[in-house]
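Shown next, in structure tokens, is the structure this report addresses.
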Amino acid sequence: MTDNPSGVIRREMFIAADPATVFAFLTQPDKMTRWMGVRTDLDPRDGGVYLVDVNNQNVARGIFEEAIPNERVVFSFGWEDGAFGMTPGSSRIQIDLEAKDGGTQLSFVHSGLPEVAVAPHTEGWTHYHGRLAIAAEGGDPGPDPKLKEVAA
């Protein structure tokens, strides 16, 4: 993952699962909570809600802008409590999926981040993208250690 002064995080990664499987893990609540969040409300259509309660404390909220099955997901993103100066919908995430070598090349861009938010979101997305790959590839990422951080 790359961070830069313009408030953008970019990441390219390969997942050994087809784009339809990866798309499902990005848009279906029961699949998303296998790798991120304890509760989700996802309506992956233009104007639909994006809500992920990450750890019983931090709730991400936004609106789906685009959801092209097996190809692209775009949504606004921010925190209900305004953490890092990010109110709901104040930043934007675009995820593109491309079939490649029997799996999926995932391109991730999180833009519109305040400078103070870049480092912690880079760390968070690195953590959760690893868990996404494990889950989409058919594995069990296990209990999320981020949940223990909140309980501590």
Side-chain angles (χ1 to χ4, degrees), residues 1-55 58-80 83-84 86-114 117-147:
M1 207 170 281
T2 304
D3 59 337
N4 61 44
S6 65
V8 177
I9 299 168
R10 297 178 191 279
R11 177 161 186 157
E12 298 277 333
M13 63 184 288
F14 180 79
I15 299 176
D18 63 57
T21 298
V22 177
F23 185 82
F25 275 90
L26 297 170
T27 59
Q28 294 178 12
D30 62 322
K31 293 196 183 303
M32 180 171 276
T33 56
R34 288 190 46 211
W35 64 277
M36 180 173 68
V38 294
R39 180 180 60 88
T40 63
D41 183 3
L42 305 173
D43 183 6
R45 59 185 170 91
D46 294 355
V49 68
Y50 173 90
L51 182 140
V52 178
D53 181 344
V54 177
N55 54 16
N58 305 107
V59 179
R61 182 182 290 276
I63 300 294
F64 279 95
E65 297 174 10
E66 189 175 12
I68 302 171
N70 314 329
E71 291 181 23
R72 174 178 287 165
V73 178
V74 181
F75 53 91
S76 63
F77 179 96
W79 298 105
E80 281 193 345
F84 305 106
M86 294 174 61
T87 56
S90 62
S91 67
R92 183 174 188 262
I93 294 175
Q94 178 171 322
I95 304 168
D96 289 301
L97 309 174
E98 180 183 346
K100 181 178 179 184
D101 299 330
T104 301
Q105 184 69 31
L106 182 145
S107 298
F108 172 91
V109 178
H110 190 165
S111 59
L113 291 160
V118 172
H121 284 81
T122 297
E123 178 185 336
W125 286 122
T126 298
H127 169 75
Y128 284 111
H129 285 152
R131 291 177 58 79
L132 167 61
I134 292 167
E137 292 172 359
D140 180 1
D144 186 355
K146 295 282 186 191
L147 293 175

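By convention here, the first residue in the shown sequence is residue 1. Everything quoted here is computed from the prediction, not taken from an experiment.
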Please give me the minimum heavy-atom distance between [X] and [Y], naming the atom from each residue.
| X | Y | result |
| --- | --- | --- |
| Ser111 | Val8 | CB-CG2, 4.0 Å |
| Gly78 | Ser90 | CA-OG, 4.4 Å |
| Trp125 | Ile9 | CD1-CD1, 4.3 Å |
| Val118 | Gly7 | CG2-CA, 3.7 Å |

So which pairs with a foot in [range] pass salt bridge (Lys or Arg N to Asp or Glu O under 4.0 Å), sequence neighbours left out?
| range | value |
| --- | --- |
| residues 130-142 | none |
| residues 23-37 | none |
| residues 38-50 | Asp43-Arg45 |

Positive for side chain to side chain contact (heavy atoms under 4.5 Å, CB included) with Arg11, one of Thr122, Thr126, Val109 =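 Exactly one option meets the side chain to side chain contact (heavy atoms under 4.5 Å, CB included) with Arg11, and it is Thr126.
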I'd like to check the side-chain hydrogen bond (donor to acceptor under 3.5 Å, both in side chains) partners of Thr104; sequence neighbours left out, ordered by chain and number.
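Thr104 satisfies side-chain hydrogen bond (donor to acceptor under 3.5 Å, both in side chains) with no residue once adjacent residues are dropped.
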State the CG-CG distance between Leu42 and Leu51, to the nearest 0.5 angstrom.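 Leu42 atom CG to Leu51 atom CG measures 8.0 Å (nearest 0.5 Å).
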### Message
Just to verify, what does Glu80 make a salt bridge (charged side-chain N to carboxylate O under 4.0 Å, His left out) with, not counting sequence neighbours?
### Response
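Here the qualifying residues are Arg61.
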Identify all side-chain donor-acceptor contacts of residues 12-29 below 3.5 Å with residues at least two apart in sequence or on another chain.
residue	atom	partner	partner atom	Å
Glu12	OE1	Gln105	NE2	3.4
Glu12	OE1	Ser107	OG	2.8
Glu12	OE2	Ser107	OG	2.9
Asp18	OD1	Ala20	N	3.0
Asp18	OD1	Thr21	N	2.8
Asp18	OD1	Thr21	OG1	3.1
Thr27	OG1	Phe23	O	2.9

Please name all residues satisfying side-chain contact (heavy atoms from CB on, under 4.5 Å) with Ala60, sequence neighbours left out, ordered by chain then number.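 Ala60: side-chain contact (heavy atoms from CB on, under 4.5 Å) contacts with Tyr50, Phe77, Trp79.
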Which residues share a side-chain contact (heavy atoms from CB on, under 4.5 Å) with Pro114, sequence neighbours left out:
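If we apply the side-chain contact (heavy atoms from CB on, under 4.5 Å) test to Pro114, skipping adjacent residues, the hits are Met86, Val116, Ala117.
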Would you list the atom pairs, donor with acceptor, under 3.5 Å between side chains in residues 93-103 and any protein atom, with sequence neighbours excluded?
residue	atom	partner	partner atom	Å
Gln94	OE1	Arg92	NH1	3.4
Gln94	NE2	Asp96	OD2	2.8
Asp96	OD1	Arg72	NE	2.5
Asp96	OD1	Arg72	NH2	3.1

Plane angle bin for His121 and Phe84 - parallel if under 30°, tilted between 30 and 60°, otherwise perpendicular: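 Geometry flag for His121 against Phe84: perpendicular rings.
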